[in-house]
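Accompanying notes for the structure given below.
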Amino acid sequence: MVYMDNTDCGACSEHCPTKAVDMVPYPNPVNKRLKIPEVKPKYCIGCGGCEHACPTKPCKAIYVDGNPVHKLAKKPVVKKIEEKVDDNEDFPF
């Protein structure tokens, strides 16, 4: 992880389907040319692909809480399917 190990990766940026994650310069005490992930909320769809791709353990370098816009989506209407079975048939298929 950039903050603790002074190494960078970029897997999150590569895996983002909307390119909402950019790698930006990170000033650090050892003056290495490191980059950290920065999310552009305008393009983020909240899928979590970036977090899933992050190889750091135990904590991820990037965390997705989901896009609040998706929480407002309407739930689909679920219709119950009634299936009629003829008990007089030998085989139901």
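- Between E14 and K19, the shortest heavy-atom distance links the atoms O-NZ, 3.5 Å.
- In this view, H15 and A11, A53 satisfy the side-chain contact (heavy atoms from CB on, under 4.5 Å) rule, not counting sequence neighbours.
- Under a 3.5 Å cut-off, the side chain of D8 and the backbone N or O of K35 do form a donor-acceptor pair.
- Heavy-atom minimum distance, C12 versus M23: SG-SD, 4.1 Å.
- With a 4.5 Å cut-off between side-chain heavy atoms of Ile, Leu, Val, Met, Phe, Trp and Tyr, the cluster of V39 takes in V21, I62.
- Within the structure, the salt bridge (charged side-chain N to carboxylate O under 4.0 Å, His left out) test picks out no pair touching residues 42-57 (sequence neighbours left out).
- By the side-chain contact (heavy atoms from CB on, under 4.5 Å) test, P17 pairs with I45, C47, sequence neighbours left out.
- Two residues are said to be in side-chain contact when any heavy atoms from C-beta on lie closer than 4.5 Å; T18 and C44 fail this criterion.
- Between S13 and P37 the shortest side-chain heavy-atom distance does not fall below 4.5 Å.
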